[in-house]
Amino acid sequence: MATKHNYRELKWWEIRRLEDNGCVSDDWSRVHISDGTDLSRIRNVRFAGDIRIGNDVTIENVGLLEMEPEAVCGIGTEVCVFDETGSRSVRIYPGLSAQMAMLIARDPNWAHNHAKEMLDDHIHGFEPSRAIGDRAVIRNCGRIINVSIDHEVHIEGASYLKNGSIINNAASGKALSRIGEGVNAENFIIEDGSADSAAIIRNCYIGQGAMLEKGFTAHDSLFFANCSLENGEACAVFAGPYTVSMHKSTLLIGCQTSFMNAGSGTNQSNHMYKLGPVHWGILERGVKTSSFSYLMLGAKIGAFSLLMGQHKTHPDSSEFPFSYLFGDEKGATVVVPGAMLRSCGLLRDEKKWPARDRRQKRKLPLHDRIIFDVLNPLTVDTMLNALDIIASLLARPADDDRFLRYKGMKFSRAALERAAYLYRLAIYKYLHTHTAELGFPPREPGSEAAVWIDVAGLLMPKHLLVKAMEMKSVNKVEEVFENSSRHYANLQRAWISSRFSDEWRRNPEVIADYAAEFDRMIEDDRRKYLDDLADQNAMLRLF
């Protein structure tokens, strides 16, 4: 089967040859071939329905390969992210971006009241291909029913595939789309991504460079650029770019993530046995979870934070990025703000993410826009606001247990004092990075700094997101996202112009000194880590 050939009916001697090769059909007049079809390579096949056979596709040892005329091939499937009852469902389609999907899921009123008609038109505009594309390979599979298979896609060893599309946008010879051994999938779109080694998939979109493998189980979840999921389970998850879960007994459920790394045994709960699985939460970009951490949803965890222990009080630490969050013996959350800023791992993460972009060098259109900066207008603005919150907390007396409390979280006075210092260092590091060469942009009288938002990996001013939500077509919405990504540097400089008062516009040498102190702190952490590693290796040395 192929997409671009001139087909004709079989001659009588060609029918005889196919029958000699062990092939059967109830109606040979419905089997068509092209002039280049090599009949000698078609053996032991039972044909039913209307068949067209080209000359550049490999199909070998497949139990059933079937396409019904009315098949939609997964396009328009509702994926119930966050709330499993369906109140925030995202309908999937080819070219779905992380930004558009987040907008639909996070603002269901907009999706239903404003965007429904344009989404309907956009989705209905996709006529699924009911062919197997040129140079595709399908080997050693069980049943494949109503699955659109694009050119150069490889499916080898899949056990069961139904109602799906496997899309390849890459240049010839550079395809990312593939399905491997033992995969069982239904109601799905895999676009420039892959599923392998007994993954089980139901109602999912697997985006560009994303990989699900080694028995990973997922339902009603979205996986965007360069996600890597192995061994564990995802339910109703919005997995933004670079979400990673590699371990068994790890459950991600009812949450939004990006640049996340889930430790072994990570667990979440979204079902309180009252109204069903309606609770959900947000792990802002860069959150890591330690082994056997637990989070009771709803909750919101601040950017680049480390979650450890049991958290049962629905914490909202979004005002304190770069924090350590400990669960105490009662499940309350103890926060050490800014502690992650001392880690050399932050800079390592910022460098490794673009280097690990599997989409690159494939000559494909990139659906998901990604800004990799750790220190950016959103995290820096949050730290600026956190300084005011910390000052107000330090002005209060501690409780009897010597903790200060805020929004259900616990802080020690020493941790808050240290956080104020760390946040200031990080802010000056950011300013040095963006003003050392060009200086501070002049402040416009009366201008207000834009509020920024992280739209599934894309950092953009909120007013541009509002503009996107006013558009009348999906393509126009995506155009706003694309322009925001393209002009990120200019938008960021405009924000610096408006956000920083004279208090922060210090002499360049002073700012450079603060930035150097930040760098020394990171280098000290790196040196200490390497010294500890050397001691461990010495302890383990054979001789």
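Closest approach of Gly457 to Phe259, counting heavy atoms only: CA-CE1, 4.2 Å. Pro241 and Ala456 make their closest contact through CD-O, 3.4 Å (heavy atoms, listed as atom of the first residue, atom of the second, distance). Nearest heavy atoms, Ile104 versus Ser89: CG2-O, 3.8 Å. In terms of heavy-atom proximity, Gly263 sits nearest to Thr250 at O-OG1, 3.4 Å. Across all non-hydrogen atoms, the minimal contact from Arg493 to His434 is NH1-O, 3.4 Å. Contact record, Leu252 with Ser245: CD1-CB, 4.3 Å, taken as the closest heavy-atom pair.
A side-chain donor-acceptor contact under 3.5 Å links Tyr205 and Glu191. For the residue pair Glu478 / Asn475, no side-chain donor-acceptor distance below 3.5 Å is found, with atom types taken as modelled. Checked by atom type, the side-chain pair Ser318/Glu284 shows no donor-acceptor distance below 3.5 Å. Side-chain polar atoms of Ser293 and Ser290 form no donor-acceptor pair below 3.5 angstrom. Counted by atom type alone, Thr266 and Thr289 present one or more donor-acceptor pairs between their side chains at under 3.5 Å. Counted by atom type alone, Tyr242 and Asn226 present one or more donor-acceptor pairs between their side chains at under 3.5 Å. A donor-acceptor pair shorter than 3.5 Å cannot be found between the side chains of Asn146 and Asn163. Between the side chains of Tyr488 and Asn376, no donor-acceptor pair is found at a separation under 3.5 Å. For the residue pair Gln208 and Arg362, no side-chain donor N or O sits within less than 3.5 Å of a side-chain acceptor on the partner. Using a 3.5 Å distance cut-off with no hydrogens or angles, the side chains of Asn270 and Glu84 do pair a donor with an acceptor. The closest side-chain donor-acceptor pair between Arg358 and Ser228 falls under 3.5 angstrom. Arg486 and Asn483 form a side-chain donor-acceptor contact under 3.5 Å, judged by distance and modelled atom types alone.
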| query | Please walk me through it: do Tyr430 and Thr379 pass side chain to side chain contact (heavy atoms under 4.5 Å, CB included)? | reply | CA-CA 10 Å; Tyr430 171 81; Thr379 54; over 6 Å; no
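Under the 3.5 Å distance criterion, the side-chain polar atoms of Glu152 are left unmatched by any main-chain donor or acceptor of Ala175. In this structure a side-chain-to-backbone donor-acceptor pair under 3.5 Å is missing from Glu230 to Glu213.
Classification of Arg91 and Glu78 as a salt-bridged pair fails, no side-chain N sitting under 4.0 Å from a carboxylate O. The existence of a salt bridge linking Asp381 and Arg499 is confirmed by a sub-4.0 Å separation between a basic side-chain nitrogen and an acidic carboxylate oxygen. Taking 4.0 Å as the cut-off between side-chain N and carboxylate O, Asp349 and Lys288 count as a salt-bridged pair. Asp196 has a carboxylate O that lies under 4.0 Å from a charged side-chain N of Arg178, or vice versa, which qualifies the two as a salt bridge.
Counting non-hydrogen atoms of other residues, nucleotides and ligands closer than 6.0 Å to NE2 of His247 gives a total above 12. Annotation: Lys462, atom NZ; neighbour count of heavy atoms from other residues, nucleotides and ligands within 6.0 Å does not exceed 12. With a 6.0 Å radius and a threshold of 12 heavy atoms from other residues, nucleotides or ligands, Arg526 has its CZ atom at or below the threshold. Counting non-hydrogen atoms of other residues, nucleotides and ligands closer than 6.0 Å to CD of Glu437 gives a total of 12 or fewer. Around CD of Glu66, the count of heavy atoms belonging to other residues, nucleotides or ligands within 6.0 Å exceeds 12.
Taking the six-membered ring where the residue is Trp, His314 and His279 present parallel rings, their angle staying beneath 30° rather than reaching 60°. Under the 30°/60° scheme for interplanar angles, the aromatic rings of Phe126 and His122 are found to stand perpendicular. Taking the six-membered ring for Trp and thresholds of 30 and 60 degrees, Phe304 and Phe322 have nearly parallel ring planes, at less than 30 degrees apart.
The side-chain hydrogen bond (donor to acceptor under 3.5 Å, both in side chains) test with His151 is passed by exactly one of Asp56, Asp134, Asn168: Asn168.
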